[in-house]
Amino acid sequence: MPQSPDLENIRRRHEFLVRLGTQLTNLATVTSETSVADSQQDFRAINAFDRDIDFFLDEVIEDSHQQMHLAKQELQQVQEMSHFFSYGIVFLILAISVSKFFFILRPVIQSLHKLQTGATAIGAGDLGYRLNIQSGDEIEQVSNEFNRMADKLAESYNVLVERSQELSKLNDSLETEITERKEAEAELQQTLHELQKTQAPLIQTEKMSSLGQLVAGVAHEINNPVNFIHGNIAHVNEYTKGLLELLCLYQQEYINPKQTIQEKAEDIELDFLVEDMPKILSSMKMGTQRIKDIVLSLRNFSRLDEAEMKAVDIHEGIDSTLLILQNRLKAKTEHSAIEIIKEYGNLPKVECYPGQLNQVFMNIISNAIDALDSYNQKRSQQEIRNNPSKITICTKLVNNRVVVLIADNGSGMTPEVKRKLFDPFFTTKPVGQGTGLGLSISYKIIVEKHAGVLRCESELGKGTEFWIEIPLCQICQKKHQESLYNTISVEN
């Protein structure tokens, strides 16, 4: 069938395949994403070409069957002439058809099938797959071009892999640099935080030292004239008593004084003066004694002359602190009165740093007053009258350790606030009303300076209680510090 249109179609597909191989070879030198996509489209075209070959081969086979049918008809026409001749021609035609299929078309189909298999493998990502077609015709040339195209694709893929690895290394290096930078920033923040923690106690100590100097100076300046007045009041009282006794004697001896003397006595209200003068002197003496007590409390609070550890009366420090805060405990228009309940135990003198311990009392009691004032702002007057604000201060001796309990009946605090209570710069007060250093410094004074314990027990709606515990004597404190140091050394 030399003029069969199906064979012509197969030849045209073959020429298209040659051109496609050349095109893929040229595209293999380009490594862009577009060229890879075009290559994949070409592979799909090769698969479509294979289906076309199968289709046209089926048409050729169908045409050959038709030709065989025609040949049978012709044989039947000449069958009358010679049966042997007819059978010979039929066998010859069949032999030619079968040999043509086995020796011509079958190798071509097998080669095309291999080409299809290679294109499928390359399309699936197996860039190491190669064709081995040795047919000596154009299909072998196409397979050679296919192998060259696969080599170019493999080289391009290897380049992409290498560049991807380089990019991955650069990315890892960048992530490492970012991590190192974050660690450096964290270390800087930690250093800054430690600096603030170190600086805050120094500032607070300097502030309290300046305040103590001021208080001690004022107390000293007030104490001198007050002592002079208080000391002379006793003499004035004696002098006045003598003068009044002398006046009584004059009145007894001169029953009828002159008119001028009677008018003067009435003018100055002599009878009231004689009765009121001792009362005035007594009240003056009480007033000067009160001033002396205040000055003594101020001196006890400042304790500038007692920077070293010494034995003192803890109750004096608490009382002096309450005296300084007395103005905040009284009832005013903006806040209600706060009752102080003292439950002092029988304590001996305690070896401590008096000024620093008074600072702890001041911080805790001031915070209790602030908490009660804030709580009262949320309550009605009736609620305040039913449950008035109270601060209870209890002292006791437990196993040679002095315990001071300072409790209020305020609103209490949440567990979150309680966990951060002794952190530096943590405060629940509005901006400008609290530095967040008071309790942090108090914790350092009790725990580090006195080897004691400072803890807080609080629950919402049930108030707050601070537990202060310090050793009674310095020897106990040193033993505790040595034990604590040994424990930390063993753990490290």
Side-chain angles (χ1 to χ4, degrees), residues 197 200 204 314-315 317-319 321-322 324-345 357-396 398 401-447 450 452-470:
K197 287 175 62 178
Q204 187 70 8
I314 291 291
H315 297 153
I318 298 175
D319 291 339
T321 303
L322 292 174
I324 293 173
L325 296 173
Q326 185 64 35
N327 187 53
R328 297 189 60 191
L329 298 172
K330 296 178 180 179
K332 294 184 179 180
T333 56
E334 62 272 15
H335 63 80
S336 303
I338 299 175
E339 181 183 0
I340 299 296
I341 300 175
K342 299 179 182 179
E343 298 177 356
Y344 291 168
L357 199 59
N358 290 339
Q359 181 180 349
V360 174
F361 296 149
M362 173 70 75
N363 289 334
I364 294 177
I365 297 175
S366 297
N367 285 342
I369 295 173
D370 293 337
L372 290 172
D373 288 343
S374 177
Y375 181 47
N376 288 334
Q377 291 177 0
K378 303 175 183 177
R379 299 196 297 167
S380 64
Q381 291 297 325
Q382 184 62 38
E383 291 175 336
I384 295 175
R385 284 193 292 270
N386 294 337
N387 185 22
S389 299
K390 297 178 183 179
I391 295 178
T392 303
I393 303 175
C394 175
T395 62
K396 55 186 177 180
V398 180
R401 294 177 72 86
V402 176
V403 177
V404 180
L405 302 177
I406 302 176
D408 63 67
N409 61 340
S411 60
M413 62 185 70
T414 63
E416 291 77 11
V417 173
K418 183 180 174 182
R419 281 197 298 269
K420 300 178 182 179
L421 196 60
F422 299 108
D423 293 347
F425 305 104
F426 173 76
T427 179
T428 57
K429 299 177 182 178
V431 177
Q433 296 187 15
T435 61
L437 295 175
L439 290 179
S440 176
I441 294 175
S442 298
Y443 186 85
K444 288 181 177 292
I445 290 174
I446 297 298
V447 176
H450 294 84
V453 176
L454 176 60
R455 68 173 184 264
C456 174
E457 299 295 335
S458 181
E459 188 176 348
L460 281 177
K462 296 185 178 180
T464 301
E465 180 182 74
F466 280 89
W467 175 290
I468 303 172
E469 178 184 335
I470 60 175

Looking only at heavy atoms, which two atoms of [X] and [Y] are closest? And how far apart?
X: G452; Y: R401; answer: CA-NH2, 3.8 Å
X: M362; Y: S366; answer: O-OG, 2.7 Å
X: K390; Y: N409; answer: N-OD1, 2.9 Å
X: T395; Y: Y344; answer: OG1-CA, 3.2 Å
X: F361; Y: V404; answer: CE2-CG1, 4.2 Å
X: V447; Y: L454; answer: CG2-N, 4.4 Å

Would a 4.5 Å heavy-atom cut-off, applied to side chains only, mark [X] and [Y] as touching?
X: I406; Y: I391; answer: yes
X: I393; Y: L322; answer: yes
X: I318; Y: K342; answer: no
X: D408; Y: I369; answer: no
X: T464; Y: K418; answer: no
X: M413; Y: C456; answer: yes
X: F466; Y: N367; answer: no
X: I446; Y: L357; answer: yes

Starting at [atom1] of [X], measure out to [atom2] of [Y] and round the result to the nearest 0.5 Å.
X: R455; Y: E465; atom1: CZ; atom2: CD; result: 8.5 Å
X: E457; Y: K462; atom1: CD; atom2: NZ; result: 12.5 Å
X: E343; Y: L405; atom1: CD; atom2: CG; result: 9.0 Å
X: Q377; Y: S336; atom1: CD; atom2: OG; result: 10.0 Å

| query | Would I338 and D373 count as a side chain to side chain contact (heavy atoms under 4.5 Å, CB included) if you check the C-alpha gap in whole Å, the side-chain angles of each, and the deciding distance to 0.1 Å? | reply | CA-CA 9 Å; I338 299 175; D373 288 343; 4.0 Å; yes

Measure from the side-chain N and O atoms of [X] to the backbone N and O of [Y], and report whether any donor-acceptor pair falls under 3.5 Å.
X: S458; Y: G463; result: yes
X: T321; Y: G317; result: yes
X: N386; Y: Q382; result: yes

| field | Any side-chain donor near an acceptor of the partner, S442 and N363, under 3.5 Å | value | yes

